Amino acid sequence: MSDSEQQLRIQLAACYRLIAHFGMDDLIYNHISVRLPGPEHHFLINPYGLFFEEITASSLIKIDLEGNALTPTEYQVNRAGFVIHSAIHAAREDAICVLHTHSDAATAISALEEGLLPVSQFAMHFWQRLGYHAYEGVALDTDERRRLVRDIGPHQVLVLRNHGILAAGRTIPEAFMLAYYFERAARIQLMAQGSGSRLSLPADDISAKAARQFNRCEGDILLRGEREWPAFIRLLDRLDPGYRR
């Protein structure tokens, strides 16, 4: 195992633990994957049957684009996880980490006709930078992969209607932060809409400016996760450093 693979294993295990810590997990379901260096497009994904809070670096399963396990394991790979993640990893060279959640707020937003609105600064990360994919049932059919790729287009986040979201990060920390910011944006929007008052939304040009600032890393804004990730690692190491095993 190369040093780079081991480092990615630790980062990915940390990402699973953080998704659980912030309440964005769904029992043993959902999945986060990272593509390993090399032309084969092998990637790591969670063993089907473990809670996110149980994931460790060594428990992650290495699979190929056909879903075959490349390392010995007593666990299976979630079929829907393979279908969704293999689609994005195969089509997008920039999608190093693919993160899929069914968090409550994000799923609620996915069911709204208008989707995510520019209600908060968190939402500005995604202004005119979201794809939407119609619900097709549990993602078990490999034919759905081409439609997932079509619908995410050039974006980093795909809203899966009536289902959840999928985030594609250039790094593991960026994928986590995309999910975290979407969740915060979703919760705030639902709270504001639930108040019964009319929403006050910024003008389109202001939303576009904020989105540009976040996505082009203007001023002192860094790539999502670059500044935050060390603090998250310190948090996990205080809570339970067992994810590194």
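Please read all numbers here as calculations on a predicted model, not as lab measurements.
The same ILVMFWY cluster, assembled from side-chain heavy atoms under 4.5 Å apart, contains both Leu201 and Leu130. Hydrophobic clustering keeps Ile63 apart from Leu166 (ILVMFWY residues linked when any side-chain heavy atoms are closer than 4.5 Å, directly or through intermediates). Phe214 and Ile165 fall into different hydrophobic clusters, defined by Ile, Leu, Val, Met, Phe, Trp and Tyr side-chain heavy atoms under 4.5 Å apart, directly or through other members. Follow the hydrophobic side-chain contacts under 4.5 Å out from Leu99 and you reach Leu12 in the same cluster. At a threshold of 4.5 Å between side-chain heavy atoms, the hydrophobic network of Ile, Leu, Val, Met, Phe, Trp and Tyr places Tyr132 and Leu112 in one connected group.
Residues forming a side chain to side chain contact (heavy atoms under 4.5 Å, CB included) with Thr56 (at least two apart in sequence, or on another chain): Arg17, Ser58, Ser59, Arg245. Listed by chain and number, the residues in a side chain to side chain donor-acceptor pair (under 3.5 Å) with Arg212 are Glu218 (sequence neighbours excluded). Legend: residues meeting salt bridge (charged side-chain N to carboxylate O under 4.0 Å, His left out) with Asp64, ordered by chain and number and at least two apart, are absent.
A distance of 11.0 Å separates NE2 of His133 from CD1 of Ile152, quoted to the nearest 0.5 Å. The structure places NE2 of His85 at 10.0 Å from CG of Leu148, a figure rounded to the nearest 0.5 Å. Atom CZ of Arg184 and atom CE of Met177 lie 9.5 Å apart (nearest 0.5 Å). To the nearest 0.5 Å, atom CG of residue Leu239 and atom NE2 of residue His21 are 5.5 Å apart. Note that the CD1 atom of Ile84 and the CD atom of Glu144 stand 7.0 Å from one another [nearest 0.5 Å]. The distance from the CD1 atom of Ile172 to the SG atom of Cys15 is 6.5 Å, given to the nearest 0.5 Å.
No donor-acceptor pair closer than 3.5 Å links the side chain of Glu54 to the backbone N or O of Leu50.
At least one side-chain heavy atom of Ile10 sits less than 4.5 Å from a side-chain heavy atom of Tyr243. Here the side chains of Cys97 and Glu174 are not in contact, with every heavy-atom distance at 4.5 Å or above.
Residue pairs satisfying the salt bridge (Lys or Arg N to Asp or Glu O under 4.0 Å) criterion with at least one member in residues 100-124, sequence neighbours excluded, are absent. Among residue pairs with one or both ends in residues 40-50, none qualify as salt bridge (Lys or Arg N to Asp or Glu O under 4.0 Å); sequence neighbours excluded.
A donor-acceptor pair shorter than 3.5 Å can be found between the side chains of His102 and Asn30. Looking only at atom types and distance, the side chain of His41 has a donor-acceptor partner in the side chain of Glu93 under 3.5 Å away.
Residue Glu228 places its CD atom among more than 12 non-hydrogen atoms of other residues, nucleotides or ligands, all under 6.0 Å distant. Applying the 6.0 Å contact sphere to CZ of Phe22 captures more than 12 heavy atoms from other residues, nucleotides or ligands.
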Set out, in order, the CA-CA distance, both residues' side-chain angles and the distance that settles ring pair (Phe, Tyr, Trp, His ring centres under 6.0 Å) for Phe232 and Phe176, then state yes or no.
CA-CA 11 Å; Phe232 284 129; Phe176 173 77; 5.1 Å; yes
Please list every donor-acceptor pair under 3.5 Å in which a side-chain atom of residues 116-125 meets a protein atom from a residue at least two apart or in another chain.
from: Ser120; atom 1: OG; to: Phe122; atom 2: N; distance (Å): 3.4
from: Ser120; atom 1: OG; to: Ala123; atom 2: N; distance (Å): 3.4
from: His125; atom 1: ND1; to: Arg224; atom 2: NE; distance (Å): 3.0

